[in-house]
Structures are given as C-alpha cells and as structure tokens.
Protein chains: 2
Amino acid sequence: MNDVSAPPARRPLTLRDVSEASGVSEMTVSRVLRNRGDVSDATRAKVQEAARALGYVPNKIAGALASNRVNLVAVIIPSMSNMVFPEVMGGISSVLEETELQPVVGITDYLPEKEEKVLYEMLSWRPSGVIIAGLEHTEAARAMLRNSGIPVVEIMDTDGNPTDCAVGISHRRAGREMGEAILEAGYRRIGFMGTKMALDHRARKRYEGFVEALAKGGVELADWEFYEGGSALAKGRELTAAMLERTPDLDFLYYSNDLIGAGGLLYCTEKGMDIPGSFGMAGFNGVELLRGLPVTLATIDSCRREIGRTAADMIVARMEGATSSEVVTLTPKLQPGDTMRLSAP
Amino acid sequence: MNDVSAPPARRPLTLRDVSEASGVSEMTVSRVLRNRGDVSDATRAKVQEAARALGYVPNKIAGALASNRVNLVAVIIPSMSNMVFPEVMGGISSVLEETELQPVVGITDYLPEKEEKVLYEMLSWRPSGVIIAGLEHTEAARAMLRNSGIPVVEIMDTDGNPTDCAVGISHRRAGREMGEAILEAGYRRIGFMGTKMALDHRARKRYEGFVEALAKGGVELADWEFYEGGSALAKGRELTAAMLERTPDLDFLYYSNDLIGAGGLLYCTEKGMDIPGSFGMAGFNGVELLRGLPVTLATIDSCRREIGRTAADMIVARMEGATSSEVVTLTPKLQPGDTMRLSAP
DNA sequence: CTGAAAGCGCTAACAC
DNA sequence: GTGTTAGCGCTTTCAG
C-alpha cells in the first residue's frame, strides 16, 4: 500500500490519524516526521510507513503556531519582469537552499503604498527575516520593519540610511563614474534616456550622479527623454531615432538600463553610425541576456546575484546568532564594451 | 501618538495587547480588525486607534489555524528567469488582486523531484488552490494534488490528462502547425535548434509535432542541435553560426524559443542573408521583448498572460462554489513576422 | 452589539 | 525511548 492507493481524503489528515494508524503516540509521530529527538528504528519505520500510506502532509500552520518558528524569508521587490530581480532571487535561493529557510516573494510595482501593504501581509505570517529592495519606504513601512523584531536586509542601494542590514551598490556613484568616463573619453554632446523615475529611486540616483559629474566637467545634458511602459527594446529604438532626429549633433547617449540601450544600439548599428568613434552609448545593469548582440554595450554591472547571495547570508548569520547590522557596498567596475572610447580621440 | 512613535516591540503584539490598550474584549477587537459582524462606531474607532498606536500586525498563522482558511494560492512553475513565467504570473496576479487571494510562487527548475518537494512544502501551508505548470508530475505529486481537496489548475499544456482543471495550448499542435506552414512556403532543407529537453515536456511536444508534420510532407530534419544553459541570445548566435557552417544548404531554421531564435536572427541579418527569400526562421512564444529587433521573428504565441488569467479565474470560480473540472485549450495563430514566406516562391 | 468558552493541529517541556 | 500536559493566538459558536 502506498500514498497513491489512498482514497482521496475529504478532511485533511492530522497527526492523530497517523498516530492511530501506526499505534504510536502523536508526540512520537511528530518526532519522527521532524527528525527530532531519539526514536527507535522500529518505531520510526512504523510511523514513516503509516504516514506514507495515508499520504499525510503536515500542517505547517499549526506547527508554526506551536513552535513559534516560521522558516520563511519575505523578499519584497518592485517587479519580476525586468532582467534584474530574477537574478537577485537566484542569488537568494542559492544560499537559502542550503538551509531550512525558504524565500517568499512579494511584488510592489514600484508603488510605496503597495509596498506597505505587501510588507504588512508578509509580516503577518511572522517570517524569520525580510529582504526588501531599496532604502526608501513609507514611514509606516519603516516602523513595521523596525518593530518586526526580525533581521531586515535592504538591498540594491546603499545611498541612504538602512534600517538594519544592507547590501548594494551606490547608484549615484555608478552614474557619476559613467559621466566621468564619458567626459574623459572626450564626448561632449551628451543625451540621456530613461524611465520616468519619480518612484524608481535607484534610476533617479544614477541620473543625479551622472548629471553632477557632467556639471563638474562643465557639461550640460544636450537632450533627455523619459519614457514609461512598453517593451524596452522597442522603446529604445523609437526614442533613440526620435532623439537623434531632434538633436543630430549628439555624440553620446546614456541609457538608464541595458535594455533600452540595446534597442538604441540596434538602431544605431543599422544606421551604420560610427560607434564608438564618433558616437558612444552606455547602459546600466550588465545584463547577461545581451551577450549575443552584434556589439556589446558599455555598462556598469549592478551585481544582482552577488547582492542576493549576500543578503541571504546576512539573514542566515543573524539566525545563527549574529547581532551586528552589517552594511556592504559593492563596487562594480565600468565595462566599456564596444560602444565607448576610453580616451579622447 | 501613532505607530511610528511606538517603542520597538520585543515580543510581537497580540490581540490581547490591543484589547487591553483599548478596553475592548479580544473578540470585538478581532471583529473590528476583520470588518466582520456589527460593531458600534465608537468601539470601532477606539480599537482602530489602539491598533494603530501600538503598531499591531495580526498573526495570520493563528488566524488561519483557528478559521481553517488560508488565502494563498500556490503557483508552481519551473523557472522565473526566462520570458515566459513572469508573464503568466502577471496574468494570475491581475485576477487575484481583485480578490482576497494571494499567489505564492514555488520554483522547480524543471526537476520532477524538486517539483514534488516544493508541492509538498506548499501544501503543508494549506493553500486555497494550486496552479502548477505542466501535466507531467511524479506519481507522488499527482497523488498529493488529487488528495489535497483543493482546486488544482494545470497550466501551459493541454496534451495529456489533467488532474482537475487545466488551461493551455497544445504544444504538439503548435509544432505541427509551424512544420506545415514551413512546408507550405516551400522550404525543404530544415534545421531545428532547441534546449536539451528531457525534462521540458512542452519543448519536446513541440519538437515531436514539428518532426511529425515534416514527415507527413516527406521531409526529414536536415540538421539539429540541442543546447543547455547560457545566455539564449548568445547561444542562438553561436549555434546558428556553427550549424550553417556544418550544413550550408539549410533553407529554414526552427528554434524552440524566441530568444535563441533572436540570437540566430541577429547573426543572419549581419551576414546579410536573404530572409525570408532564400532562408527562413521561426521561434516560439511570441515574446514582447523582441519587438524592437530590426526584423521580427516568425513565432507562435504561447498565450502566457491569458493562461495565467484563466487559471486564476478557475480557482476563483471554484472557491465561489463551482464544481466542474474545466479544461480550456487556447489556439494561438502563427505569426509569420518578417522571417518566413507564406507560400512557395 | 458584545463577551466567554472552546478548540484549531501541532510542539515545548516535562514526566516516566 | 516514549507519553502526557499545556498552550501557541486567533476565530467559532453560542450567550447575553
């Protein structure tokens, strides 16, 4: 007899059912099923067989309530559809898979109120830790994080004041470095293209760092464009065409992410523009996907996987007794690819 | 006083704390916080104020145990990193957001044993429903699904026997239709390129349908290649180059997904090949991302968002009392794009 | 409209 | 090694 032959159960099975079927007390059944405490091999075998045969699935709700332990880590991120967060998740999972912990994801769509709501929902399941994107949250959300009594890791960004632990890069610095490198290479008529970023603080910080670096070199943006929605590749193509039409003397275009950058790049290579000689381009993120383009776009890696791994490590360290609020700033190097000169011609 | 000024709580707050702070019984506090039953406006206000001030976050673990209700829907999918499942998730979320239900995602990496484990873990939280990719599962997983006593929707694929509800497309048919269209257009020296698909049943079914359609037209695959891992775009580029080197007289290349297809397409347009005149190409999925390529790849849409929406609707319908096990087969139309002729030259 | 009692299914802490 | 008892924080049910 095995689980397959068990008749569909109307009422979910309980420990008591396994206990009765095996003639072993509920407590010992519980011990066997959790591999805790010493149980004789004979009893263990009896219990396991009974559980299998019935197709028993433990009720974690009850277990969590009784033990006051929930092996879940809440991961709160703005989106799953761009290239960035799936990679962060990969990093988190790779670490948590070695432990008892499991990630549970909540999506905020870059909306602060939704973030607050999602956080509230997740905290009400009493997870063992929280990994949350960004340093900007509503007051209420910050309060919930502080009062949760569990380890909190804010990820992606380190330009600001973490609630507890944090790991990320400085987006302001990434923008600044790109700006500096562009000036150093002798480009002067510079355009910017990015998402409307009222709510995407990291994109905004990159933009601010970029403009600041240009200003320090006595250069102002020659043109700029903010878009929203739509396929990034297509948008990059369209908007690049439009901008080059409007401001034909541009000699560099900085995109707030690699995907619109790639769209622009495809357009420019088709047009047969002289890249990087008389026209340069750069994006941000270092997305793997774009290997395979005819020409590789200059970019700065956002260290997504590394961030995910580190964040998960921080949670694990805390659960193992660490008490400090670590803050880790990663410093990716600019990757010039094929689309920007390194020095003035 | 508000939640922000509340001192960090060491012990999580309980209903009792709110009850004491407001001078209202736990039961009535519970009523207020859940908007159930009639409570006088005065009492309601007192309770809400107290809860806010303390920064109380309800404990869903306890709530779920007591009420035997969990507003979670388990969503079990192979991967989050390709273009396909984020869109399915979007469809699911868009429907569930109108309800009390919340999706919780588990990832299987296309591994049957991992799927079984993830399913077990999720069922142990006693969700209200399960949405799971594919029709192929281990025996134990099938048993768990049957015995769970909750609505189950198997998604993506309808070539097989659903456990309960299902919504998807016929991948075998998709492969067949592409094969037929290619023959109809007069291509004859046909190559195939796809992932190693021992565990990706849908890719395998497309392949089988494709080969079958060619066979019916008296044509055999002229060359084929199965890859694994790596950036799809780059892989598509490399492998296409290699295959065209090896079998230069190919006049069509069918890719098992749009991304490797796009990699191949970029390579072929660079080489200046005559597309679709003397060489045709096609992929599968209809991914939005690729709008923005210089040339659009022929493809068949996998109806990802629609599948997600329908699956969620099915769960909701069940929770509202429906009892039937619906099976919905969507029938996407072939989109020839710019990379295949429609009839023989 | 409000409250008191019972118990959801499991595990911690003790007995034996 | 194994069993017993109490109770996790909430909701159900039933009284008032």
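The analysis underlying the following values was restricted to heavy atoms, covering all of them including side chains, and did not include hydrogens, waters or symmetry mates. Note on naming: letters A, B, ... go to the chains in the order of the sequence lines (proteins, then strands), and numbering restarts at 1 for each one.
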Pair Arg16(A), Glu26(A) - check salt bridge (Lys or Arg N to Asp or Glu O under 4.0 Å), show working. CA-CA 6 Å; Arg16(A) 163 173 241 111; Glu26(A) 283 188 46; 3.5 Å; yes
Please determine whether side-chain contact (heavy atoms from CB on, under 4.5 Å) holds for the pair Met80(A) and Val105(B), giving the CA-CA distance in whole Å, both sets of side-chain angles, and the decisive distance to 0.1 Å. CA-CA 12 Å; Met80(A) 210 57 179; Val105(B) 181; over 6 Å; no
Intermediate values then yes/no, side-chain contact (heavy atoms from CB on, under 4.5 Å), Asn71(A) and Gln102(A): CA-CA 6 Å; Asn71(A) 294 323; Gln102(A) 296 207 351; 5.7 Å; no
Run Arg318(A) and Val153(A) through side-chain contact (heavy atoms from CB on, under 4.5 Å) and show every step you take. CA-CA 11 Å; Arg318(A) 273 301 193 74; Val153(A) 183; over 6 Å; no
Check against side-chain contact (heavy atoms from CB on, under 4.5 Å), Glu154(B) and His137(B): CA-CA 10 Å; Glu154(B) 286 165 294; His137(B) 316 289; 2.8 Å; yes
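Applying the salt bridge (charged side-chain N to carboxylate O under 4.0 Å, His left out) test to residues at least two apart or on different chains, the pairs with a partner in residues 58-75 of chain B are Glu121(A)-Lys60(B). For residues 89-101 of chain A, the pairs satisfying side chain to side chain donor-acceptor pair (under 3.5 Å) are Glu97(A)-Lys114(B), with sequence neighbours left out.
The footprint of chain A on DNA chain D, defined by a heavy-atom cutoff below 4.0 Å, extends from dG1(D) to dG9(D). Counting 5' to 3', DNA chain C first comes under 4.0 angstrom of a heavy atom of chain B and last does so at the ends given by dC1(C) to dG9(C).
Partners of Lys46(B) by salt bridge (Lys or Arg N to Asp or Glu O under 4.0 Å), not counting sequence neighbours: none found. Every residue meeting the side chain to side chain donor-acceptor pair (under 3.5 Å) condition with Glu116(B), not counting sequence neighbours, appears here in chain and number order: Thr138(B). Partners of Glu113(A) according to the salt bridge (Lys or Arg N to Asp or Glu O under 4.0 Å) rule, which considers only residues two or more places apart in sequence or in another chain, do not exist here. By the side chain to side chain donor-acceptor pair (under 3.5 Å) test, Asp200(B) is found to be paired with no residue, residues two or more places apart in sequence or in another chain being considered.
No side-chain heavy atom of Val73(A) sits under 4.5 Å from any side-chain heavy atom of Pro127(A).
Contacts between residues 23-31 of chain B and DNA chain C, defined by a heavy-atom separation below 4.0 Å, involve Val24(B), Ser25(B), Met27(B), Thr28(B), Arg31(B), listed by number. Within residues 59-72 of chain B, the residues approaching DNA chain C are Leu65(B), Ala66(B), by heavy-atom distance under 4.0 Å. Of the residues in residues 33-48 of chain A, those placing a heavy atom less than 4.0 Å from an atom of DNA chain C are Arg34(A), in numerical order.
Checked options Ile307(A), Thr158(A), Asp313(A); the residue passing with Val167(A) is Ile307(A) (criterion: side chain to side chain contact (heavy atoms under 4.5 Å, CB included)).
Between the side chain of Ser124(B) and the backbone N or O of Asn59(A), no donor-acceptor pair lies under 3.5 Å.
An end-to-end axis angle of 30° holds for the helix from dC1(C)-dG16(D) to dC16(C)-dG1(D), taken from five base pairs per end and rounded to 10°.
Under a cut-off of 6.0 angstrom, the local environment of CG in Asp109(A) is crowded, with over 12 non-hydrogen atoms contributed by other residues, nucleotides or ligands.
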